[in-house]
Amino acid sequence: INTSPAVIKSEPEEDNGFYPSPQHIKTSKREYDDEECEYKPKKVKTEHDKKAKKRKHEYEEDEDESADINSYSDADAIVVSSLRGCVLLLFVVIRWEEERYTDGSKWRFLEHKGPVFAPPYEPLPDKVKFYYDGKPMKLNPPAEEVATFFAKMLDHEYTTKDIFRKNFFKDWRKEMTSEEKSKITDLNKCNFSEMSEYFKAQSEARKQMSKEEKLKIKEENERILQEYGFCIMDNHKERIGNFRIEPPGLFRGRGDHPKMGMLKRRIRPEDIIINCSKDSKQPKPPPGTKWKEVRHDNKVTWLVSWTENIQGSIKYIMLNPSSRIKGEKDWQKYETARRLKKCVDRIRNQYREDWKSKEMRIRQRAVALYFIDKLALRAGNEKEEGETADTVGCCSLRVEHIKLYPKMDDQEYVVEFDFLGKDSIRYYNKIPVEKRVFKNLQLFLENKQPEDDLFDRLNTSILNKHLQELMDGLTAKVFRTYNASITLQQQLKELSCSDDSIPAKVLSYNRANRAVAILCNHQRAPPKTFEKSMQNLQTKIDEKQNQLSAARKQLKAAKADHKASHDDKSKKTVEVKRKAVQRIEEQLMKLQVQATDREENKQIALGTSKLNYLDPRISVAWCKKWGVPIEKIYNKTQREKFAWAIDMAEKDYEF
DNA sequence: TTCTGCACTTAGTACGCACGGG
DNA sequence: CCCGTGCGTACTAAGTGCAGAA
């Protein structure tokens, strides 16, 4: 039901003026600068184009002569063990893929060993008892297993929550025999504490294991990794992301989830769909079992899938981020964001114009897009009520999520946002908006209840359809990628200083990274030990400071001594003391930098933006430009994921 | 057109282990 | 060498977006 009128009858605004926000003035200026610095990527492109052309040519010849699909594979049968070393090949392959797989297929050959299943349930020893209403009771294994899931979570807050308990109890009862069912009717009369103690003792014992035992387990894990953790996809041996099937347990949703506590059932081979190529060696199901299905669908990238019982959604086993297929997609994502950079001014002018439209749907679309652009909000798909926690994104914002303040302190037209976003993370922000946006928001709010949609004539599908018309491949999430990456680049430019030491440069990088994380609202729970470790660090700093003043005193004394005696020995002492002071100063500075960095990071998670939003070529170029080793910015896993960028980007790369 | 299913990206958290300082 | 702790990694939930069915 649309609460808003479709057409806006009278223009309530007196001004037709154009008020670009400071942010946008800055952006357009920056864009202009950026356009001029494009020569390097172009050069890179030409290089690739040449090879690609050559490759294409060769391929066409193959096709013409024999149409033998194997001829390509033979010519390029190079198993890439290190992606990094073979980037030129990678490019060729990528260019080739683009031209080759116009039909949307993702691979030609795929072979793997299937998933690793969760270990079977081991019943509790008889001495570990469950009590109902004070009396010991032996449960049959299925009911006992589900009981252990609850027992293992006893220390967690959510086992006290009503919904969790209700959902758990309902699902638990399904596993009971009719006898157990009739006896166990009240969760409050259940005593799991002996079971809980048993598991605590078990995990304690695991910690206390000898070195040899631990090594043995490690080796076994490594063996499983080697056997099941890799697959062959089109001549590459690739690492699989998640080759273990999720074990059964109690569902833990995030936030206020209506399904928390439900039983996540055990996945059996009969639930599993295998995807691989026809000509590959198919994975074998465990003895005495069958797969649900084996299919050969090369239009998708997953190797294994099953349907999960909580939401009824499909889960997949896919490749690691270091794989060709993921890296290529990632690269593509940033290229789309870079194309947005080229036309973002036009799009911004467009939505500003649309704020004045006669049609309500267009105004709503334009204001929503403004939020997505300016505040990096997510699109906000509709969700099924009662199936998930009540969270929203831009298009699904409700009246209750914003407050309008015509005046606040010394600012005008302030909008206050307060809502739960993805993962039930709170988004809270107060921002001044342009008058026209403000007036539009007032209009959208007219005659609505708090629980009504703010944008009642808009959804993500309408918005994305519009975006698609503005630029090929443009969707709402591209704005997040674009704004994140451009912010990093601009912040790095602003913060970096050639005189800085490497740690200071890394701090600048982290600060730039942090600006993005704040923009994208990437939060984390403050580490449990945060206060304490902060105190420890402060103590260290204090100690260092004392050390420094002591060292300075000694230096002064040595200088005085030297002035008096003018001998070689005293001169040496002065030098030694000077060096000592210098060393301590450096150490102190390092500590202080560390403290600042950590304090500023208390509730901000940098990882998500680094991994998903920041064009890695910006970081690589920055490292090259300022002589910072890439290892200071990316750990090993990240370097593997971004191998394509590490080899591609030169120091003057511009996003 | 709207709805639903599917595939894939993005997200925070728990946990274990390597590493650095005392 | 031991201990605490902070980082890396595994895990899996929760988003986005598109295509095809209804």
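Letters A, B, ... mirror the listed sequences (proteins, then strands); counts begin at 1.
- Taking 4.0 angstrom as the limit, A:Lys264 places a side-chain polar atom (N or O) nearer than this to OP1 or OP2 of C:dA13.
- When heavy atoms are screened at a 4.0 angstrom cut-off, A:Arg239 is found touching the sugar-phosphate backbone but no base atom.
- Look at A:Lys636 and you won't find any side-chain N or O under 4.0 angstrom from OP1 or OP2 of C:dG8.
- A close approach under 4.0 Å does occur between a side-chain nitrogen or oxygen of A:Lys477 and OP1 or OP2 of B:dT10.
- Atom CD of A:Glu631 is separated from atom P of C:dC7 by 17 Å (rounded to the nearest Å).
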In B/S/- notation, 5' to 3', how is nucleotides 11-22 of chain B contacted by protein heavy atoms closer than 4.0 Å? SBSS---S----
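- Place A:Asn635 and A:Ala379 on DNA chain C by their nearest nucleotides, and A:Asn635 ends up nearer the 5' end.
- Of the charged side-chain nitrogens involved, at least one lies within less than 4.0 Å of a carboxylate oxygen, so that A:Arg265 and A:Asp271 count as a salt-bridged pair.
- Atom-to-atom, OH of A:Tyr316 to P of B:dG5 comes out at 12 Å; the value is rounded to the nearest Å.
- Protein atom CZ of A:Phe419 is 11 Å distant from nucleotide atom P of C:dG15, rounded to whole Å.
- The side chain of A:His257 approaches C:dA14 more closely than any other nucleotide in the set B:dA7, C:dG15, C:dA14.
- Within 4.0 Å of A:Ser305, counting heavy atoms only, lies no atom of the nucleic acid at all.
- Here the shortest heavy-atom pairing between A:Thr301 and A:Trp107 reads CA-NE1, 4.4 Å.
- As rounded to whole Å, 13 Å separates atom P of C:dA13 from atom CE of A:Met260.
- Of the two residues near DNA chain B, A:Asn459 and A:Asp297, the one whose nearest nucleotide lies more 5' is A:Asn459.
- At B:dC8, none of the side-chain N or O atoms of A:Lys333 fall inside 4.0 Å of OP1 or OP2 (strictly under the cut-off).
- The nearest pair of heavy atoms linking A:Phe371 to A:Cys394 is CB-SG, 4.0 Å.
- A:Asn464 comes within 4.0 angstrom of the backbone, heavy atoms only, and of no base.
- A:Glu308 has its CD atom 14 Å from the C1' atom of C:dC11, to the nearest Å.
- Between A:Leu614 atom CG and B:dT9 atom P there is a gap of 17 Å when expressed in whole angstrom units.
- Between A:Glu387 atom CD and C:dA14 atom C1' there is a gap of 14 Å when expressed in whole angstrom units.
- At a threshold of 4.0 angstrom between heavy atoms, the contacts of A:Pro247 are confined to the sugar-phosphate backbone, with no base atom among them.
- Nucleic acid contact for A:Thr388: none, since no nucleic acid atom lies under 4.0 Å from a heavy atom of the residue.
- Among the protein residues, A:Gly380 comes within range of the sugar-phosphate backbone only, with heavy atoms under 4.0 Å from sugar or phosphate atoms but none that close to a base.
- Ion pairing of A:Lys264 with A:Glu246 is present here, as a side-chain N (NZ or NE/NH1/NH2) and a carboxylate O approach within less than 4.0 Å.
- At whole-Å resolution of the value, NZ in A:Lys610 and P in B:dT10 are 17 Å apart.
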List, one per line, each side-chain donor-acceptor pair under 3.5 Å for residues 110-119 of chain A, sequence neighbours excluded.
| from | atom 1 | to | atom 2 | distance (Å) |
| --- | --- | --- | --- | --- |
| A:Glu111 | OE1 | A:Lys281 | N | 2.7 |
| A:His112 | ND1 | A:Gly114 | N | 3.1 |
| A:His112 | NE2 | A:Asn275 | O | 2.8 |
| A:His112 | NE2 | A:Leu303 | O | 3.3 |
| A:Lys113 | NZ | A:Glu227 | OE2 | 3.4 |

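- A:Gly241 comes within 4.0 angstrom of nothing in the nucleic acid, heavy atoms only.
- A salt bridge links A:Asp418 and A:Arg426; the closest N-O separation between the charged side-chain nitrogens and carboxylate oxygens is under 4.0 Å.
- Side chain of A:Asn242, nearest nucleotide from B:dC8, C:dT12, B:dA7: C:dT12.
- Geometrically, A:Lys259 does not engage A:Phe251 in a cation-pi contact, judged by NZ or CZ lying under 6.0 Å from the ring centre and within 45° of the ring axis.
- Side-chain N/O atoms of A:Lys315 include none lying less than 4.0 angstrom from OP1 or OP2 on B:dC6.
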Steps toward ring pair (Phe, Tyr, Trp, His ring centres under 6.0 Å) verdict (A:Phe164, A:His257): CA-CA 9 Å; A:Phe164 190 97; A:His257 203 295; over 10 Å; no
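- Distances shorter than 4.0 Å separate some side-chain N or O of A:Asn381 from OP1 or OP2 on C:dT16.
- When each of A:Ile273, A:Ile274, A:Ile314, A:Ile317 is checked for a side-chain contact (heavy atoms from CB on, under 4.5 Å) with A:Trp302, only A:Ile273 meets the rule.
- Taking the nucleotide of DNA chain C with the nearest heavy atom to each of A:Gln638 and A:Ser424, the more 5' of the two is matched to A:Gln638.
- At the phosphate of B:dC8, OP1 or OP2 sits under 4.0 Å from a side-chain N or O atom of A:Thr301.
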